[in-house]
Structure formats: C-alpha cells, structure tokens
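Nothing fancy with the numbering, it's 1 onward along the sequence.
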Amino acid sequence: STPIEGLGPVLRTEAGWFVGDLHAHTLHSDGFGCVDPGTTASRGCQPWEVVEAARARHLDFFAITDHNTTSHHADLATLQEGLTSMLLLRGQELTTFHGHANVYGTSRPIDFRLGFNGRSMNDVMDDVAHEHALLSINHPGRDTGDSCTGCGWDAPATPWNRIEAMEVVNGGVIEGRTAGMPFWYARLNEGHHITAIGGSDDHGARSPRGHIGWPATVVHARELSETALLDGIRTGRVYVRTRGPEGPRLELTGAARGAPREAMVPMGGVVNVSGGGTPVRLAVHAVGAPGQRAEIVRNGKVITTLMVDAPDQQLSFTLPMAPGEWVHVLLRDAHGMTAFTNPIYARN
C-alpha cells in the first residue's frame, strides 16, 4: 500500500512559497558519482548523503527519483524522522525507450514498459491517477542515443491533456537546442496547461560536481506536505530559479483591464477574455534582481522587455490577449536567464 500523506508529518502548517529540487539519484539506481574527501575514485551515493547535501542547500523539499524503482523510499522514511526543516517527497523516474518521466507521491512502482503487451502512456496515466500521484515529463528536448537511451520524449500517443507537469530546466541546460523550453512552448501553443518545473538530475551529490538545488523549483502551497506541494504544482503557481535556491523571487499576476485588484489571478490561472481580444493587465513582482531585464513572453515570443531597477520592484504591463493565448515572464542578467514564471492563460 502507499500512504497518501507521504513519508512524514506536515512540516509547516502555514501557506507559503517553498523551494526545492525535484530530481536526484542515489546508488539505488545510477547515482555513482560521489567522491570521498581526499580521494578521486567515484562510488555510489548513499541516500543519507544525498539528503544531507540537499539539507545543506537549505531546501524546503527534496525528491530522490531513482530509475524504475522505489527501493530508496524506505531509506527516505527513516531519514525523514530526523528532519524537521526539509520534506522528502516520494519519487521514481520512469525510464523508457521513448522518454523519461518522474512520478511523485506514491511508493508503488509504476510499470515503465511502454509497448509491452500494448502498454501505452494512457495506461501509465491511469496508474498515476489511481495513486493520486503526479507525473512530470523529464528533459523532453534532449537527444536520444547511445549516451542517453530514451532521454528525449517521443512516446507515441502521449495524452497531453493529462500531463500536469514538465521538467523545463534539467541541471544546467536552460536554453538552446536540447533545452526543454521550446518543447514546453509547443505544448502550451497546442492549448495544454502544463506546469513548468526544474530538477538538478544530480548523480554525484558528494563531489565537486554535485549540483543539488540547481535549478530550484519554487511552489506556493497551503502547507509543507507532500500532498499540498503536488497540489501546488498542479495549480501552476510555480516559478523556477535556474541557478539555485538563492535566485530571485518572481511572481506574475493578471486580470482583464478594469477588473478590481482582488480579481488578479496568479500564475497558472485563467483570465476571461472576449473572442476579439481583451486588454490584460499584468503585474510582475521581482525581488533580488536589480539590473536584470524582465521579458514578457506571449505564445512563445518576447513582446516587450522591462528593466528591474530596484531590489524589490513591482512592474506592470498591459497587452491584448485572445482566447487560447498565454503569457509568462523571464528574468535575465548579463549571463542569461535567472528565473521564469509559469503562464497565465486567456480563455473565453
């Protein structure tokens, strides 16, 4: 059986923004990049040291997602008993010849064998739904080949209307040909509401190459519990800090022009517009990003850029939106993207 409440108790009962990493590995699968101090030989990463590396990054939540197994969950349950500052999420990485996907919120192994006895992604989603779990497509834009079997996503007949999340940033791959953002944009332009998340995909937590928390996913949830975090991801009130937990804070809200302030909807929300298009007022709140640029992206194209001048700044912008369109915000400094929000959607 699999408890719906997760591995441990509710760590915080108040609503808020929680920062975490949703993708990492241990020796329960292929996390063999750990190195002891004073040595150079790599060895398997024990669950306790991967968890400790995450705790040292001051994360609020952390998921270990070993490939095609949940054998690490027993270790995590024991470790959670001694953790009061960080919540451990149950995860597993379904690793197929047609793509990888993380499943969160269950300890029951989900059958990853796409094509075996006719098994399809719809069957996978049925199993995930039965467990009240959440599935996220991993690194969908990566190349598939000998170096990474099935890493890019090409599963036939993927039911995109059932996919709730996607790993848009995997490790340090933020932009470019193999990044996840173009793939995500294409699904959004098809009309799907899919929450963008990030994951470090760390395989060597205790080593100079360890990068747990890079990127960091920031989720607004009603409390710090597994169920609440997964519900928060489903709502889309989520943003990603591409360089780790110390990155800028970023929030996007919107409403039809003329609507009262209390009508502003958060990221993941829907603004009602007319068929001919309606002016939509956007509010961007950026903290810790002075000197950066905020790019307003509609339907995958940058339509304007606003400068962030102060350490804590509110920006506003109005743009026309028609039913089926979406808008989100990217932050950039001189070295590239530092954070991005999930979209606000326009519907009839």
Hey, is CZ on F32 packed in by over 12 heavy atoms from elsewhere, all under 6.0 Å? yes
Have a look at S200 and tell me which of T217, D21, N170 forms a side chain to side chain donor-acceptor pair (under 3.5 Å) with it. D21
With V35, which residues qualify under side chain to side chain contact (heavy atoms under 4.5 Å, CB included), at least two apart? T39, S42, S207
With a 3.5 Å cut-off and sequence neighbours excluded, list the donor-acceptor pairs that the side chains of residues 301-310 form with protein atoms.
none

Kindly assign one of parallel, tilted or perpendicular to the pair [X] and [Y], based on the angle between their ring planes and the thresholds 30° and 60°.
{"X": "Y185", "Y": "W326", "answer": "tilted"}
{"X": "Y345", "Y": "H193", "answer": "parallel"}
{"X": "H220", "Y": "W17", "answer": "perpendicular"}

Are a donor atom and an acceptor atom from the side chains of [X] and [Y] found within less than 3.5 Å of each other?
{"X": "S136", "Y": "N102", "value": "no"}
{"X": "T65", "Y": "E93", "value": "no"}
{"X": "H25", "Y": "D201", "value": "yes"}

Can R241 be said to sit on top of Y239's aromatic six-ring, NZ or CZ under 6.0 Å from centre and within 45° of the ring axis? no
According to ring-ring contact (aromatic ring centres under 6.0 Å, His included), who are the partners of H139, at least two apart in sequence or on a separate chain? H100
